[in-house]
Q: 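Below is the structure I would like to discuss, written out as structure tokens.
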Amino acid sequence: SAARDSLLNICMDAKHHKKQPGPEGKLYGQCVLWKDNACCTANTSMEAHQDQSYLYNFNWDHCGAMPEKCKRHFIQDTCLYECSPNLGPWIDQADNSWRKERILHVPLCREDCEQWWEDCQDAVTCKVNWHKGWNWTTG
């Protein structure tokens, strides 16, 4: 249907997203999958791969080094979030100061979920919920 198709070529209204999806020839690393039609810029795709990225002022290694095999899943998730023009069906309103929209309940293939668990089961975090409750006083 036309309504469904319109949900599959849009960028959400969030911190680093382009207004409209389009070709982005220089996407970096794991984000390259979206180069033909992306909501992210080349610079955003590069930042998605940094341990200490300006994207969210967040460090994967905040509680000890995250193993590379685990980190790649979080990088892939970041690339999907920042670059995919096909997340329309899962866009939800967000009342954050830094974004008006977010994605919620995006389906994940079972084998991807199992591989993510397999690759990250020995990694540690010091936080139950990465979305809220951080103490930013020290930057």
Side-chain angles (χ1 to χ4, degrees):
S1 73
R4 191 187 73 225
D5 291 346
S6 71
L7 290 177
L8 296 180
N9 194 33
I10 60 171
C11 297
M12 74 184 108
D13 185 355
K15 195 173 185 180
H16 304 290
H17 288 69
K18 297 181 344 191
K19 291 278 177 249
Q20 298 290 330
E24 203 66 46
K26 298 282 187 218
L27 291 189
Y28 180 79
Q30 291 175 237
C31 297
V32 78
L33 296 169
W34 288 275
K35 68 178 171 33
D36 296 336
N37 197 30
C39 287
C40 63
T41 62
N43 189 40
T44 296
S45 74
M46 183 76 87
E47 285 291 329
H49 292 72
Q50 307 302 320
D51 285 341
Q52 180 68 58
S53 165
Y54 86 91
L55 291 179
Y56 323 108
N57 192 24
F58 184 78
N59 193 326
W60 302 125
D61 299 329
H62 66 274
C63 201
M66 182 185 282
E68 288 305 316
K69 66 179 184 174
C70 174
K71 197 174 291 181
R72 71 186 175 91
H73 294 279
F74 289 96
I75 292 171
Q76 198 63 48
D77 178 61
T78 302
C79 287
L80 175 76
Y81 171 81
E82 295 292 349
C83 303
S84 177
N86 301 320
L87 293 169
W90 301 282
I91 290 177
D92 186 49
Q93 298 311 300
D95 52 0
N96 302 93
S97 58
W98 53 280
R99 64 177 179 182
K100 292 192 173 51
E101 293 178 328
R102 63 177 183 171
I103 47 175
L104 207 57
H105 307 307
V106 178
L108 182 62
C109 295
R110 179 180 180 148
E111 56 269 29
D112 289 338
C113 184
E114 288 172 351
Q115 190 64 56
W116 197 335
W117 164 252
E118 191 66 31
D119 291 343
C120 294
Q121 61 181 341
D122 299 323
V124 290
T125 180
C126 305
K127 197 86 174 46
V128 172
N129 183 345
W130 286 5
H131 286 279
K132 58 179 189 259
W134 290 94
N135 177 351
W136 294 103
T137 54
T138 61

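Reckoned from all heavy atoms, side chains included, excluding hydrogens, waters and symmetry mates. What you see is a predicted model, and the numbers here were worked out from it, not measured in a lab.
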Q: Look up atom CD in E24 and atom OG1 in T44, then write down how far apart they are to the nearest 0.5 Å.
A: 8.5 Å
Q: Do you know which two heavy atoms are closest between P23 and K18, and how far apart they sit?
A: O-NZ, 4.1 Å
Q: Would you say CH2 of W117 has more than 12 non-hydrogen atoms from neighbouring residues, nucleotides or ligands within 6.0 angstrom?
A: no
Q: Any donor and acceptor pair, going by atom type alone, linking the side chain of N37 with main-chain N or O of G22 inside 3.5 Å?
A: yes
Q: Do N43 and Y28 come within less than 4.5 Å of each other through their side chains, counting heavy atoms only?
A: no
Q: May I ask whether L108 and I103 are part of the same hydrophobic cluster, defined by side-chain heavy atoms of I, L, V, M, F, W, Y residues being less than 4.5 angstrom apart, directly or through others?
A: yes
Q: Hey, what do you get for NE2 (H105) to CG (D92), rounding to the nearest 0.5 Å?
A: 7.5 Å
Q: Tell me whether M12 is reachable from V106 by hopping between hydrophobic residues (I, L, V, M, F, W, Y) whose side-chain heavy atoms are closer than 4.5 Å.
A: yes
Q: Provide the closest heavy-atom pair for Q50 versus M46 in the form atom of the first, atom of the second, distance.
A: NE2-O, 3.3 Å
Q: Please report whether the SG atoms of C39 and C11 are separated by less than 2.5 angstrom.
A: yes
Q: Carefully, step by step, assess T78 and W60 under the rule side-chain contact (heavy atoms from CB on, under 4.5 Å).
A: CA-CA 12 Å; T78 302; W60 302 125; 3.7 Å; yes
Q: Once you round to the nearest 0.5 Å, how far does CG of L80 lie from CG of N86?
A: 9.0 Å
Q: Say you draw a straight line from CD1 of I10 to CD of E101; how long is it, rounded to the nearest 0.5 Å?
A: 7.0 Å
Q: Measuring only between side-chain heavy atoms, which start at C-beta, is M66 closer than 4.5 Å to F74?
A: yes
Q: State yes or no: do Y81 and L104 share one hydrophobic cluster built from I, L, V, M, F, W and Y residues joined by side-chain heavy-atom distances below 4.5 Å, directly or via other members?
A: no
Q: Main chain of L55, side chain of H16: is a donor-acceptor contact present, judged purely on distance under 3.5 Å?
A: yes
Q: Output, in order, the C-alpha distance, side-chain angles, deciding distance and verdict of side-chain contact (heavy atoms from CB on, under 4.5 Å) for Q76 and R72.
A: CA-CA 6 Å; Q76 198 63 48; R72 71 186 175 91; over 6 Å; no
Q: So does Q30 get a backbone contact from the side chain of H49, meaning a donor-acceptor N/O pair under 3.5 Å?
A: yes
Q: Are there over 12 heavy-atom neighbours, none belonging to K15, within less than 6.0 Å of that residue's NZ?
A: yes
Q: Using a strict SG to SG cutoff of under 2.5 Å, would you count C40 and C31 as disulfide-linked?
A: no
Q: For H73 and Q115: C-alpha separation, side-chain torsions, deciding distance, then whether side-chain contact (heavy atoms from CB on, under 4.5 Å) applies.
A: CA-CA 9 Å; H73 294 279; Q115 190 64 56; 3.9 Å; yes
Q: Can you establish whether the number of heavy atoms outside K127 located under 6.0 Å from its atom NZ is more than 12?
A: yes
Q: Do C83 and K35 have side-chain heavy atoms sitting under 4.5 Å apart?
A: no
Q: What is the distance from atom CD of E68 to atom CG of D119, rounded to the nearest 0.5 Å?
A: 11.5 Å
Q: How many angstroms lie between CD1 in I75 and CD in E82, if you round to the nearest 0.5 Å?
A: 13.0 Å
